[in-house]
Amino acid sequence: VDPLNVADYERLAEQKLEPGPLAYFAGGADDEWTLRENVAAFRRLLLRPRVLVDVGSVSTATTVLGTDVSMPILVGPLAFQRLAHPDGETATARAAAAAGTIMGLSTIASAGPAEVAAAAPGAPRWFQLYCFRDAGVTQALVDQAVDNGYRAIALTVDAPVPANRERDLRTMFALPPEMRVPSIDAVVGSGPRPSPAEVFSLITPSITWRDLQELADRSPVPVIVKGVMTAEDALLACEHGAAAVVVSNHGGRQLDGVAATIDLLPEVVDTVGGRCEVLLDGGVRRGTDVAKALALGARAVLIGRAFLWGLAADGERGVSRVLELLRRELTTTLALLGCSSPVDVTAAHVARAPR
Ligand SMILES: Cc1cc2nc3c(=O)[nH]c(=O)nc-3n(C[C@H](O)[C@H](O)[C@H](O)COP(=O)(O)O)c2cc1C
């Protein structure tokens with residue numbers, strides 16, 4: 001039978017991928033406690049459905065930063081997608097466009113902003129930014145993204161230094177020499193190829209809130225801060241020009257011991273209080289997870305590994321299928337909750353499971 005859910009795609013991806021890429025994609029930092037917790041915390045939340053509501057017509061459509069999307073499920077920025085499938089980011093871009101949602105393109109993608117834009121012209125996209133120590137390369141990337149119609153810059157702030165990812169050490173994971181990473185090529189020129197961990201040494205660990213303010217002041221498109229984990233920083237992000245924050249712990253790949261993102265979401269939403277949009281990523285594997293994030297105040301979620309397993313298993317078709325499965329799950333969940341639309345989901349639709 002065809003894969004029926006994200007977990008089925010994960011198993012297919014595990015069969016397809018070589019040990020190095022699989023470890024890189026699946027792994028997290030240190031003991032991988034946060035990695036597991038991102039998923040587990042969703043399971044501790046209970047849904048509270050309301051019945052005898054007319055759900056004859058349910059729509060998952062919503063808007064994120066003013067952009068219409070067919071569902072509150074966006075495709076997050078993940079590096080090096082050609083490690084998963086030869087079509088890499090261009091396949092992901094076509095699938096996201098066909099699904100009517102936004103794709104985030106990583107700074108360290110295996111296809112540049114222009115190539116990805118050409119793969120699905122006109123579709124809504126964001127560019128995820130890591131600031132290289134080489135400010136010229138950083139600026140050129142941002143310019144290329146803006147010139148190619150990317151609608152927002154998502155500055156990732158949870159990875160100033162590389163984390164300890166022991167799976168990668170065990171497999172001695174290295175980027176295959178034939179796989180190009182345009183941004184890194186621009187930084188190192190004809191020099192030796194950095195390992196994935198060494199890539200982070202090209203990225204400056206010294207950016208601060210002032211740099212965010214400068215970026216926001218200069219940027220012709222909204223700036224999103226990705227990787228906010230506290231109420232304090234969410235507030236600072238709003239005060240320094242961010243149009244949205246993504247509550248994210250980088251999928252458990254950076255600081256191990258951070259709470260699950262779904263558990264961090266309420267304090268951020270409370271503190272931000274509508275000053276900017278709040279998104280979430282980390283551990284989203286089911287439509288019910290999306291509904292729980294909406295209930296706790298997220299405008300939308302981003303998925304990471306969920307679509308990556310589809311890409312590894314079946315290229316563009318796999319990503320399309322994962323997006324379609326999640327959309328279907330969310331549609332059913334909304335109806336069973338007594339909600340006709342994402343904006344109808346409220347805090348009253350979730351409760352904490354008794355310990
Ligand atoms: C293999 C992999 C590569 C990633 N690369 C990036 C990246 O280049 N930039 C970034 O901001 N986040 C990156 N992330 C983090 C994702 O954007 C997202 O925060 C995370 O995957 C969400 O958790 P999930 O995989 O449980 O959905 C990466 C995540 C994974 C799994």
Side-chain angles (χ1 to χ4, degrees), residues 6-7 9-10 13 17 20-29 32 34-42 73-85 88-89 92 102-111 113 116 126-132 141 152-160 162-163 165 167-168 173 175 181-184 196-197 199-200 202-203 224-229 245-255 258 260-262 264-265 279-286 289-290 293 298 300-312 319 322-323 326:
V6 169
Y9 272 104
E10 180 171 4
L17 290 167
L22 176 60
Y24 171 72
F25 292 147
E32 303 188 334
T34 297
L35 173 72
R36 290 187 297 278
E37 183 69 359
N38 274 349
V39 173
F42 278 113
I73 303 171
L74 319 185
V75 173
L78 269 67
F80 313 137
Q81 292 179 26
R82 282 194 165 122
L83 286 172
H85 189 277
E89 288 84 358
T92 304
I102 294 168
M103 171 191 177
L105 179 70
S106 169
T107 285
I108 48 174
S110 46
V116 171
W126 295 346
F127 185 69
Q128 177 269 321
L129 184 63
Y130 286 131
C131 294
F132 289 110
L141 269 170
I153 301 293
L155 179 69
T156 297
V157 294
D158 55 13
R165 299 187 192 156
R167 289 201 214 197
D168 290 345
F173 178 55
L175 296 174
V181 181
S183 61
I184 295 175
V199 164
F200 279 96
L202 306 175
I203 294 165
I224 299 164
V225 176
K226 175 173 180 282
V228 165
M229 289 167 275
V245 295
V246 184
V247 176
S248 173
N249 52 34
H250 216 102
R253 297 162 72 80
Q254 285 299 111
L255 183 61
V258 179
T261 49
I262 193 67
L264 295 171
L265 181 62
L279 311 176
L280 168 140
D281 73 24
V284 175
R285 303 290 182 269
R286 282 285 190 187
D289 299 337
V290 182
V301 302
L302 288 76
I303 55 171
R305 295 180 184 85
F307 84 81
L308 193 69
W309 302 141
L311 181 66
V319 181
V322 165
L323 290 170
L326 287 173

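Order of appearance sets the numbers: ligands from 1, and atoms from 1 within every ligand.
Of the possible donor and acceptor atoms, none in the side chain of R165 sits under 3.5 Å from a partner among the backbone N and O of G28. With E89 contributing its side chain and Q81 its backbone, the two residues share a donor-acceptor pair below 3.5 Å. R305 places a side-chain N or O within donor-acceptor distance of the main-chain N or O of F25, the cut-off being under 3.5 Å. In this structure a side-chain-to-backbone donor-acceptor pair under 3.5 Å is present from T107 to Q128.
The distance criterion of under 3.5 Å between nitrogen or oxygen atoms is not met by G76 with respect to ligand 1. The shortest N or O to N or O distance between R253 and ligand 1 is not under 3.5 Å.
Between D289 atom CG and F42 atom CZ the span is 4.5 Å, to the nearest 0.5 Å.
Here Q81 has no heavy atoms under 4.0 Å from ligand 1, in either its backbone or its side chain. Heavy atoms of F80 found under 4.0 angstrom from ligand 1: none, in either backbone or side chain. Of the heavy atoms in S248, only side-chain atoms (C-beta onward) come closer than 4.0 Å to ligand 1. Of all the heavy atoms of I108, the ones lying under 4.0 Å from any atom of ligand 1 belong exclusively to the side chain. Under 4.0 Å from ligand 1, the heavy atoms of Q128 that appear belong solely to its side chain.
Comparing G304, A306, A154, A79 against atom 27 (O) of ligand 1, the shortest heavy-atom distance belongs to G304.
The shortest contact between atom 24 (P) of ligand 1 and any protein heavy atom is with R305 NH1, 3.6 Å. Here the heavy atom of the protein found nearest to atom 13 (C) of ligand 1 is P77 O, 3.1 Å. Protein heavy atom at the shortest distance from atom 8 (O) of ligand 1 is S106 OG, 2.7 Å. In terms of protein heavy-atom proximity, atom 19 (O) of ligand 1 is nearest to D281 OD2, 2.7 Å. Looking only at heavy atoms of the protein, atom 12 (N) of ligand 1 is closest to K226 NZ, 2.9 Å. Closest to atom 26 (O) of ligand 1, if we only count protein heavy atoms, is G283 N, 2.8 Å.
Ligand 1 places these atoms under 4.0 Å from at least one heavy atom of F25: 1 (C), 31 (C). For ligand 1 and Y24, the ligand atoms under 4.0 Å from any heavy atom of the residue are 1 (C), 3 (C). Residue contact check: T156 has heavy atoms under 4.0 Å from atoms 10 (C), 11 (O) of ligand 1.
Ion pair R285/E10 not flagged as a salt bridge, since none of the NZ, NE, NH1 or NH2 atoms sits closer than 4.0 Å to an Asp/Glu carboxylate oxygen.
Considering V247, L280, V228 as possible partners of L264, the one that fulfils the side chain to side chain contact (heavy atoms under 4.5 Å, CB included) test is V247. Here the options are T261, D281, N38, the test is side-chain hydrogen bond (donor to acceptor under 3.5 Å, both in side chains), and the partner is S248; only D281 passes.
Residue contacts with ligand 1 include L78, since one or more of its heavy atoms lies under 4.0 Å from the ligand.
Donor-acceptor pairing under 3.5 Å is lacking for the side chains of T34 and N249.
Note on ring orientation: taking the six-membered ring where Trp is involved, the planes of Y130 and F200 are perpendicular (angle over 60°, cut-offs 30° and 60°).
Close placement of the F80 and Y24 rings is indicated, their centers lying within 6.0 Å of each other.
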